[in-house]
Protein chains: 2
Amino acid sequence: MSPRPASRRAVTVADIARAAKVSKATAARALGDYGQVSDAVRSRVLAAAEELNYRPNALARSMNTGRSNTIGVVVGDIENPFFAHAMRGISDVASAAGYDVILTNSDEDVEAEEAAVDVLLDKQVDALIVAPASSAHVSHLTDVAAAGRPLVLLDRRADGHRYDSVTVDNRTAAARATAELLAEGHRRIAFISTQPYPEPAYSPGGTITMSSVADRVDGVMEALTDAGIPSPERGIRLDARRRGVDVVTRELLEGDTPATAIIASDSLIAMTVFQTVRTLGLRIPEDVSLIAFDNADWTSITTPPLTVVEQPIYELGAAAARLALQRIRGERVDDESVVFDAALIRRASVAAPTPASATH
Amino acid sequence: MSPRPASRRAVTVADIARAAKVSKATAARALGDYGQVSDAVRSRVLAAAEELNYRPNALARSMNTGRSNTIGVVVGDIENPFFAHAMRGISDVASAAGYDVILTNSDEDVEAEEAAVDVLLDKQVDALIVAPASSAHVSHLTDVAAAGRPLVLLDRRADGHRYDSVTVDNRTAAARATAELLAEGHRRIAFISTQPYPEPAYSPGGTITMSSVADRVDGVMEALTDAGIPSPERGIRLDARRRGVDVVTRELLEGDTPATAIIASDSLIAMTVFQTVRTLGLRIPEDVSLIAFDNADWTSITTPPLTVVEQPIYELGAAAARLALQRIRGERVDDESVVFDAALIRRASVAAPTPASATH
DNA sequence: CTGAAAGCGCTTACAG
DNA sequence: CTGAAAGCGCTTACAG
């Protein structure tokens, strides 16, 4: 119980070796739990370590082993419940395997993402999990392979590359949500996303850089086209953050031929739509039907509770981490592009359009 | 434009030095941007680095400098919007200062927290920001000081220690929320927290290990006592996760003398309370008044929107990071225990108790 | 401004 | 099982 002054100089293997009267190599072996050490020596070393309050320097260890026992993660925004939940899946799997996780935000900005990947690579992470902000700007991802580290794409693909990836079948999910609305008799169905887009209006074949959103738009367009809806692209609203999701929602609902149903590309958008609809004095689902991507917990307690597309987000993160670990260990990878299905959860925000809502 | 094969062996300063025909020291100086290097040599080295696709090893650098440019963070649960938001504040400030952040979850478990602190210390983080799960079990935090690294407590204090901390005045906030309810005429006011507690029922003076919750309970008790409410502790419900927040809510609302108002200690609890009240066929605020801690975004779109206690969460994280950076740089610290005020945001979930709800 | 050498705290062959 | 030496990829005095 001798007091241990907070010393500036850290105690090292050399100190322990001296105290235990063995060589540095032997002390290190006992401390690092590798190689051969006799029980007598081991306990002597461990006692000295305890006494001196020894703390291994993981950096030095990593320099020798070439492994940092760390997985680097780059997401768009940790405040987005989607990523927070996926992060949980990643952390749980990584922790169970003895790996730490370094998290970085890209703010969905390609340059910030590049910088984040660089930093993580410099820190010698053993693998990288990235949700690329753009599927078109992914040249920096080749650095990961060049550095000889495994890379797993989370939730989004990269054009023209065959990186390991864990995604959701967004196209089918969006088509199903659209079909649900069509089945109720809706014909003016809108889809709102905040994904940046260069043109003022979406036109079929236009390139959406984030693959998850691109897939959803494809799914919506496909379902609408199959149903014989003319000019289905009119309801596709991208880049909604620029002018404001509330403004976009208003436009959709206040024109001559207002939308009777809206699909929100994430729960944050859904929240604003929900609020705006109410502000306009309209009712859900009587005047406007609403389907939201992501089964955010609040969606079940609103009046009415929302019909949502539930993605297996935690599993998405867990699967990404599992893939990364398999690659790190050089194990055979069962499936290098895991695709999960999303489920439509029917609650009470969808109903048939009424004549009132049709004419508004 | 020569193809760069993905080599297992990383290219090092030595490789660059050879290519640029200078010494390792000089190459390192140009690469690391320190010391003196002539422009001619610098560009030669940089060109070689570019050509060979050089990537500095941050681990090696850290070993020499003794600094990792990394701040370690231990929170209870990143999925909790509270921590996700605080994390954002931490990240933004850290990034702006050129620091990375390593995030670890403790699951509000003291042992997991200890392990997390150990790992972070071993990884040589330059400072630690911790939201201690228990204010009573904080012996592992002394290791941080022993390792000579700054420590900042986030949202919660540690008993008997004077670590830097950034907290919210929870006592006043809780007292104010309680006063709001009292002013409306409520006398049977309950407070629900999921904080573990050894006894079946709370009794005045009982020790709650998480300081933020302890402070809130104190605030509630104080306001209730000042108002002359007899046995105010009867409404304090801790450890609600064990039996279920819904079960606890039911008990509170179904007894002979049901509570007429509930204060939820966080937004997750509030959500379950909200739902349970509805399931019981009761109305908010006619039958039950509700105030929630944390201005979660969904609280403004429910019917009715909730009256909440808004904590400056982002600022909490940002201030913690700022404090950590000041300590790292050895700067003078203006305030080693920053305390923020919380604000009561009045919406529509509080009303006077009706005779109906009083007799129920 | 540049270089040779030592060192950061470990691990890894290689002898014994 | 134990030790002396070299090495991981950088940085840091110290000479020149």
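What you see below is based on every heavy atom in this structure, not just the backbone, and it leaves out hydrogens, waters and symmetry mates.
In this model, no donor atom of one side chain and acceptor atom of the other lie less than 3.5 Å apart for A:S68 and B:K123.
Note: CZ (A:R29) to P (D:dG3) measures 8 Å, nearest angstrom. Here the C1' atom of nucleotide D:dT2 and the CZ atom of A:R44 are 11 Å apart, to the nearest Å. When the C1' atom of C:dG9 is taken as reference, atom CZ of B:R61 falls 18 Å away, rounded to whole Å. One atom, CE of B:M63, and another, C1' of D:dT12, lie 13 Å apart when rounded to the nearest Å. Atom NZ of B:K123 and atom P of C:dC10 are 15 Å apart (whole Å). C:dT2 atom P lies 17 Å from atom CD1 of B:I16, rounded to whole Å. With rounding to whole Å, A:N57 atom CG is found 13 Å from C:dT11 atom C1'. With rounding to whole Å, A:Q124 atom CD is found 8 Å from D:dC10 atom P.
Considering only the side chain of B:N64, D:dC10 comes nearest among C:dT12, D:dC10, C:dG3. When each of D:dT2, D:dC10, C:dT11 is scored by its nearest atom to the side-chain atoms of A:T65, the top-ranked nucleotide is C:dT11.
Judged by closest nucleotide on DNA chain C, B:A25 is the one of B:A25 and A:A25 placed further toward the 5' end. Nearer to the 5' terminus of DNA chain D, by closest-nucleotide assignment, is the contact made by A:A27 (compared with the other of A:A27 and A:K24). Residue A:V41 is the one, among B:S62 and A:V41, whose nearest nucleotide of DNA chain D lies closer to the 5' end (criterion: closest heavy atom).
B:R55 comes within 4.0 angstrom of sugar-phosphate atoms only, judged by non-hydrogen atoms across all strands, and of no base.
Put simply, B:Y34 has no side-chain N or O that comes within less than 4.0 Å of OP1 or OP2 on D:dT12. Between A:T12 and C:dG9 there is no side-chain polar atom (N or O) within less than 4.0 angstrom of OP1 or OP2. At D:dG3, one or more side-chain N or O atoms of A:T26 fall inside 4.0 Å of OP1 or OP2 (strictly under the cut-off).
A salt bridge does not link B:R322 with B:E331: every distance from a Lys NZ or Arg NE/NH1/NH2 to an Asp or Glu carboxylate oxygen is 4.0 Å or more. Under the 4.0 Å criterion applied to side-chain N and carboxylate O atoms, B:R149 and B:D126 are not assigned as salt-bridge partners. Classification of A:E51 and A:R44 as a salt-bridged pair fails, no side-chain N sitting under 4.0 Å from a carboxylate O. No salt bridge links A:D122 with B:R61; every basic N to acidic carboxylate O contact stays at or beyond 4.0 Å.
With a cut-off of 3.5 Å on both Watson-Crick or G-U wobble distances, the partner of C:dA15 is given as D:dT2.
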